[in-house]
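Below is one structure, written out as structure tokens; comments come after it.
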Amino acid sequence: MSAKNEKEFVKEVTPREVDFSQWYLDIVLKAEMMDYAPVKGCMAIRPYGYAIWENIQRLLDRRIKETGHENAYFPLFIPEGLLQKEADHVEGFAPEVALVTQGGGEKLSERLVVRPTSEAIICNMYSRWIQSWRDLPLLVNQWCNVVRWEKNTRPFLRTTEFLWQEGHTVHETEEEAEEETLKMLAVYREFVQSELAVPVITGLKTESEKFAGALRTYTIEALMADGRALQAGTSHNLGQHFARVFDIQFLDRSGELKYAWQTSWGVSTRLIGAIIMVHGDDRGLKLPPRVAPVQVVVVPIITKKQRETVLQKCAETGERLSPPVRVKLDLREEYSPGWKFNEWEMKGVPLRLEIGPRDIEKGGVTAVRRDTGEKLFLPQEDLPARVDSLLAEIQDNLFKLADRFRRDNTHRPSSYEEFTSLLEEKRGLILANWCGEESCEDGVKNKTRATIRCMPFAEDAENGNMEAGPCIYCGREKGTPVYFARAY
RNA sequence: CGGGGCGUAGCGCAGCUUGGCAGCGCGCUUGGUUCGGGACCAAGAGGCCGCGGGUUCAAAUCCCGCCGCUCCGACCA
């Protein structure tokens, strides 16, 4: 295909190299994932975008239940006084809460916060449900919406209202809570990598970056194609902070009254933004088959003489593949095949099957991979098996490409000068030693706009050496390696 | 929240400087011919010019305020 044609096909999308932000916005709108709603920072998630979310829910919900959790639902409204109980928590969330002051035409005696997260209301309920060690562990998850009045919004990445899941668990001991926190972090990591094909690094957040009210926050961080990092999920060990202020106490095995240990963890519709920014290209989305609403699109090549034969073969092919494959037959006759090719590429459908007179004559279908653009001929006999293995290959390839990109864009500077020039010229993840002082973290942030994304676990040391050394900022000799990056 | 840009048909835009019939391309509707990488012909439909106020005989156009989107910062799960 000529360069000119290549350009023509994507004229509706700003190339990534020109303006990555604009590219992202073009994609989410033109692939019909969302549309702007008439409230600032709010969006309608359109069926095609929501179908991805439903797949995320289905695949993650299964894992959450397999690890022993049950789903429940708690109120959208939280009495203002409840949110204010935990000092750090209220300090963290107060600036971004929406308040309901009126109901039923009358001023409320106590204002209601629209949940920015549900620790307060859930802990309030938990204090009534827990009396004995026999009530523990309490393992509950909730799928819901939350509202945070953000100043700067971006579709899927940071919206005023968003959808997520939040797990809230209660345990007898600190060790159990820590184990749960790490277990769910591992679930997230496995889920995001194997289903979304998004490689992540895991680690501990710094004190300044941790969840408001938590003892410790662990995170999975992904690297976007523009070299910026995205926090893709977090798991918090809440310690006894909330138990103390919400009075979650239980009689332990020796008859002693103890405060419980808690965790909370969540991922949101932000994951959809990650999929877009990790895999997409100038022609549009590239969806990992495991979460793609449409895994295979069948495009008939209709000609005057062969119309019925072709349509029949398409229907037949669809029936052979679905289920289990999510197949879409695009039988619209008002669009040319070429137009459809471009549209489904924009929408990121992993595999396209073209069926025309020539394919029928040769006894198969033409297949085109979205990830590589590769064109293949698949004989009818082993079509289901070939489609199945191609989808698996595409899933695998998307992960490999993203993982290679992440590795290629992880740097290990040996001086502060190299550190700053890497941030200016290449971005990406920068593994550098840090002494642990907040003043150095702030210093780097103020000068370079890069933040510490996480303090990685030692076993994740696949990107060069994890040896301790002088702090990249102050030069003191006690720094340990942490990941810096500019983040969304 | 501060600074810049933008807001005119579903989408992309022109018109605004210098006030005077609301325009173009794509898309949409209907009919027909087509269909292997965004087909073609013909006939149509579609407007609170973001919202509110002001100036004027007259406002998309000038002035003031507000809202929204966006970029750069600040703030932040």
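Note on naming: letters A, B, ... go to the chains in the order of the sequence lines (proteins, then strands), and numbering restarts at 1 for each one.
Atoms NZ (Lys30(A)) and P (rG38(B)) sit 19 Å apart, rounded to a whole Å. Here rG38(B) presents its P atom at 11 Å from CD1 of Ile301(A), a figure rounded to the nearest Å. The nearest whole Å value for the distance from the CD atom in Glu361(A) to the P atom in rG36(B) is 17 Å. Regarding Leu29(A), its CG atom lies at a distance of 12 Å from the P atom of rC69(B), rounded to whole Å. Separating the CD atom of Gln22(A) from the P atom of rC11(B) is a distance of 15 Å, rounded to the nearest angstrom. A straight line from CZ of Arg228(A) to C1' of rG73(B) spans 12 Å, rounded to a whole angstrom. Residue Leu25(A) contributes atom CG, which lies 14 Å from atom C1' of rC6(B) at whole-angstrom precision. Protein atom OH of Tyr36(A) is 19 Å distant from nucleotide atom P of rG50(B), rounded to whole Å.
Proximity of Tyr335(A) to the phosphate of rG27(B): no side-chain N or O atom is located under 4.0 Å from OP1 or OP2. An OP1 or OP2 oxygen of rU70(B) is reached within less than 4.0 angstrom by no side-chain nitrogen or oxygen of Arg154(A). Residue Lys340(A) places no side-chain N or O under 4.0 Å from the OP1 or OP2 atom of rG37(B). Phosphate contact (OP1/OP2 of rA39(B), side-chain N/O of Ser336(A), threshold under 4.0 Å): present.
Checking rU29(B) for Watson-Crick or G-U wobble geometry (two distances, each under 3.5 Å) identifies rA43(B) as its partner. Shown here, rA59(B) forms no base pair; nothing in the strands shown gives a Watson-Crick or G-U wobble contact with both key distances under 3.5 Å. As the counterpart of rC49(B), no nucleotide is assigned, since no Watson-Crick or G-U wobble pattern has both distances under 3.5 Å. Taking a pair to require two hydrogen-bonding distances under 3.5 Å in either a Watson-Crick or a G-U wobble arrangement, rU17(B) remains unpaired. Base-pair partner of rA22(B): not found among the strands shown (Watson-Crick or G-U wobble, both distances under 3.5 Å). Pair assignment for rG2(B) gives rC72(B), based on Watson-Crick or G-U wobble hydrogen-bonding distances that are each under 3.5 Å. Across all strands shown, nothing is found opposite rC35(B) as a Watson-Crick or G-U wobble partner with both distances under 3.5 Å.
In this structure, Glu345(A) reaches the bases: a heavy-atom distance under 4.0 Å links it to at least one base atom across the strands shown. Among the atoms of the strands shown, only primed sugar atoms or phosphate atoms (P, OP1, OP2) are found under 4.0 Å from some heavy atom of Gly41(A). Note on Arg352(A): a base of the nucleic acid sits closer than 4.0 angstrom, heavy atoms only. Within 4.0 Å of Asn152(A), counting heavy atoms only, lies at least one base atom of the nucleic acid. Within 4.0 Å (heavy atoms only), Lys151(A) reaches at least one base atom of the nucleic acid. Across all strands shown, Glu333(A) has heavy atoms under 4.0 Å from base atoms, whether or not it also approaches the sugar-phosphate. Residue Phe341(A) is in base contact, counting any heavy-atom pair closer than 4.0 Å across all strands shown. Across all strands shown, Pro95(A) has no heavy atoms under 4.0 Å from either base or sugar-phosphate atoms. Residue Glu354(A) is in base contact, counting any heavy-atom pair closer than 4.0 Å across all strands shown. In this structure, Thr234(A) reaches the bases: a heavy-atom distance under 4.0 Å links it to at least one base atom across the strands shown.
Relative ring orientation between Trp265(A) and His69(A) is described as perpendicular, the plane-to-plane angle rising above 60° on a 0-90° scale split at 30° and 60°. Taking the six-membered ring where tryptophan is involved, the planes of Tyr416(A) and Phe419(A) are essentially parallel, since the angle between them stays under 30° and well short of 60°.
As rounded to the nearest Å, rC24(B) and rC49(B) have C1' atoms that lie 15 Å from one another. rG44(B) and rG25(B): their P atoms are spaced 15 Å apart (whole Å). Straight-line distance between the P atoms of rG4(B) and rC64(B): roughly 14 Å, to the nearest whole Å. Across the C1' atoms, rG46(B) and rA9(B) are found 6 Å apart, a figure rounded to whole Å. One C1' atom belongs to rC62(B), the other to rC71(B), and the distance between them is 28 Å to the nearest Å. Going from the P atom of rU17(B) to that of rA60(B) covers 12 Å, rounded to whole Å. Comparing the C1' positions of rG23(B) and rU8(B) gives an interatomic distance of 10 Å, to the nearest angstrom. For the P atoms, the distance from rC26(B) to rG65(B) is 40 Å, rounded to whole Å.
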Yes or no on ring-ring contact (aromatic ring centres under 6.0 Å, His included) for Trp143(A) and Trp53(A), after CA distance, side-chain angles and deciding distance?
CA-CA 11 Å; Trp143(A) 290 93; Trp53(A) 181 239; 5.8 Å; yes
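Nearest nucleotide to the side chain of Lys375(A), out of rC69(B), rG37(B), rG38(B): rG37(B). Among the nucleotides rC76(B), rG38(B), rG68(B), the one closest to the side chain of Arg158(A) is rC76(B). Picking from rG36(B), rC76(B), rU70(B) the nucleotide with the shortest atom distance to the side chain of Asp359(A) gives rG36(B).
Going from atom NZ of Lys286(A) over to atom CG of Asp281(A) covers 4.5 Å, rounded to the nearest 0.5 Å. Separating the OG1 atom in Thr219(A) from the CG atom in Leu185(A) is a distance of 7.5 Å, to the nearest 0.5 Å.
Of all non-hydrogen atoms in Lys205(A) and Ile452(A), the two that sit nearest each other are NZ-O, 4.5 Å. Closest heavy-atom contact between Arg216(A) and Glu178(A): NH2-OE1, 2.9 Å.
Under a 4.0 Å N-O distance rule, the pair Glu393(A)/Arg386(A) does not qualify as a salt bridge.
Judged by closest nucleotide on RNA chain B, Thr366(A) is the one of Thr366(A) and Arg453(A) placed further toward the 5' end. Nearest-nucleotide mapping onto RNA chain B: of Glu209(A) and Lys304(A), the residue sitting toward the 5' end is Lys304(A).
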